[in-house]
There are 2 protein chains.
Amino acid sequence: MENAADSKGLTTIPEPTLRRLPIYYQYLRNLESAGKKVISCTTIGNDLSLDPTQVRKDLAHTGVEGKPKVGYMVSDLVRKIEEFLGWNKINAAFLAGAGNLGSALLGYPQFREHGLSIVAAFDRDPAKVGSLIHGKRVLPLETLPGLARRMGIRLGIITVPPAAAQEVADFMVQGGIQAIWNFAPVMLKVPSSIVVRNEELYYSLAALSHTLAKKLNVEIKKGEEGYASSN
Amino acid sequence: MENAADSKGLTTIPEPTLRRLPIYYQYLRNLESAGKKVISCTTIGNDLSLDPTQVRKDLAHTGVEGKPKVGYMVSDLVRKIEEFLGWNKINAAFLAGAGNLGSALLGYPQFREHGLSIVAAFDRDPAKVGSLIHGKRVLPLETLPGLARRMGIRLGIITVPPAAAQEVADFMVQGGIQAIWNFAPVMLKVPSSIVVRNEELYYSLAALSHTLAKKLNVEIKKGEEGYASSN
DNA sequence: TATATATAGAGAAAAGTTTCTCGATTCGCT
DNA sequence: AGCGAATCGAGAAACTTTTCTCTATATATA
Ligand SMILES: NC(=O)c1ccc[n+]([C@@H]2O[C@H](COP(=O)([O-])OP(=O)(O)OC[C@H]3O[C@@H](n4cnc5c(N)ncnc54)[C@H](O)[C@@H]3O)[C@@H](O)[C@H]2O)c1
Ligand SMILES: NC(=O)c1ccc[n+]([C@@H]2O[C@H](COP(=O)([O-])OP(=O)(O)OC[C@H]3O[C@@H](n4cnc5c(N)ncnc54)[C@H](O)[C@@H]3O)[C@@H](O)[C@H]2O)c1
């Protein structure tokens, strides 16, 4: 059950739990469209390779309640996770940097199902300004702060090259934007009231290549069979 | 200092450390090109908002050694992290799904600096097969397993729609691919010897919208001042 | 209706990660 | 050369997250 701090939103959710909630959500949406009505932590755990107790604890953070021997209503879970993550209401967002990655994000309609609607793009390249990308207008970067204020935009997405990221972030802060999703591999300096999340695109890659390199090493070591190399 | 298990690569690195190493790397590469020769954990910690002790412990995993009062050689750190992550050798990779996201990845030359070279793309769409995207040839999906074996490809990237992801993964496994970077929001079923990393693109978004939703709630609560709403 | 069983939920224990503390080392300065 | 300050490195302590254990409850079955 929840405690007082929970219901006031004062306790912070564990990062690992927050990382898993979108995975549950995805999975549960699939179950839902497959017509499944109830689901147990045991089954979720099996399907997602997670410990059932952990699943139960994670889901408890959303305030959902289940029935012994039965499990949870799938629709309850979906709704509660949506509420918890703020995906039941759409955030309008501005994107800066209408390049390769920016265009891919602009053309991803599924973000709407995750509470995100990119309403306009901003760029400095005169060749891009004025054009439409996936139906979204590309506007001059300089107009971002004014428009953001006027439209009450709270979320900004940065997909410009690293060298331009800080400047863009400053524009966003100036426009009253409160949260930034940053795809550029740099640490942004912003006032502490602004929430920044860096997309750690290299993390997965690091994990993969580290594992591959280790595997390869083991194979080589097997070939050498018993020779220990110092330094 | 290292213990025996470490030097044999038997201890597994903490996930949080692995997540931070690419961030250090990025930062250190910048220092390097700015001409900085030595750096201390204290400074790194300040610049990246991390505890200096944690930085020291993280870096120790790569086997680097520093000098008291001075710090580490930047070039040492860069080289050791590269080695540790396997970014000093380039992995050739195949990408399946030459759509919006796939094209963005194909057009990102910086992956080479992180040990990754995407050498070809694969797709089912006849309109795409045969074309070049950012200089990379798009080939029919069916040819993936054969080519992967012939070229000894060990890494695969999946950027197809969720419904097609499992099929593509099966093709990759069939082609002897050992590690998969999966951008489709589904859990893949593969033999346990194959390493899969799912790009958790929604995690950052979840963190942001959750925080925004909470902020908004607090603002609304302030307006209501004292009224507690049940459900 | 009684019994067996699967599962939620709560709390305890274990494992993992971060932060603190302290001694050793190096460098710059007097 | 000696002294003080900065920093590394190692181990301990504090904190967080995961896993285990137990109890209560709902359902199905005999
Ligand atoms: N493409 C990928 O696969 C990928 C992968 C990982 C990280 N990233 C990061 O994402 C960011 C974008 O990558 P990309 O491949 O889309 O680059 P890109 O060069 O294709 O696009 C960058 C866009 O930003 C615009 N731009 C440059 N300076 C600007 C400024 N000051 N204000 C506004 N717009 C500006 C450019 O005109 C261009 O349209 C980079 O920081 C990159 O490191 C990209
Ligand atoms: N675009 C984004 O910003 C974004 C963000 C998050 C996640 N994703 C995920 O990345 C994946 C790709 O997204 P996208 O926007 O590039 O989609 P897209 O529709 O633009 O591209 C998908 C590509 O895959 C190809 N394809 C379809 N079935 C195939 C098959 N069986 N074998 C080979 N190729 C096949 C299509 O022809 C197309 O070229 C999706 O799973 C999506 O959920 C994308």
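In what follows, every chain begins at residue 1, and chains take the letters A, B, ... in the order their sequences are listed. The figures that follow rest on heavy atoms only: side chains count, while hydrogens, waters and symmetry mates do not.
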N/O donor-acceptor pairs under 3.5 Å from side chains in residues 108-115 of chain A, not counting sequence neighbours:
residue : atom : partner : partner atom : Å
Y108(A) : OH   : Y202(B) : OH           : 2.9
H114(A) : ND1  : Q110(A) : O            : 3.1

Pairs under 3.5 angstrom only: tabulate donor-acceptor contacts from the side chains of residues 73-86 of chain A to other protein residues two or more places apart or in another chain.
residue : atom : partner : partner atom : Å
D76(A)  : OD1  : R79(A)  : NH2          : 3.1
E82(A)  : OE2  : Y25(A)  : OH           : 2.5

Residues from residues 14-23 of chain B sitting under 4.0 Å of DNA chain C, heavy atoms only? P14(B), E15(B), P16(B), R20(B)
What residues in residues 74-83 of chain B put a non-hydrogen atom under 4.0 Å from any atom of DNA chain D? none
Sequence neighbours excluded, the answer for salt bridge (charged side-chain N to carboxylate O under 4.0 Å, His left out) partners of R56(B) is none
For R197(A), enumerate each residue passing the salt bridge (charged side-chain N to carboxylate O under 4.0 Å, His left out) test, keeping only those at least two apart in sequence or located in another chain. E15(A)
Would you please name every residue forming a side-chain hydrogen bond (donor to acceptor under 3.5 Å, both in side chains) with S209(B), sequence neighbours left out? W87(A)
Excluding sequence neighbours, so at least two apart, what forms side-chain hydrogen bond (donor to acceptor under 3.5 Å, both in side chains) with Y24(B)? D58(B)
Not counting sequence neighbours, which residues clear side-chain hydrogen bond (donor to acceptor under 3.5 Å, both in side chains) with D51(A)? List them please. T53(A)
For the helix from dT1(C)-dA30(D) to dT30(C)-dA1(D), how many degrees between its two end axes (five pairs per end), to the nearest 10°? 10°
Rounded to whole angstroms, how far apart are CE on M73(A) and P on dA8(C)? 14 Å
Just to verify, what does E200(A) make a side chain to side chain contact (heavy atoms under 4.5 Å, CB included) with, not counting sequence neighbours? Y203(A), R19(B), I23(B)
Strictly under 4.0 angstrom, non-hydrogen atoms only: write out the protein contact profile of nucleotides 1-8 of chain D, one letter per nucleotide from the 5' end, B, S or -. ---BBBBB
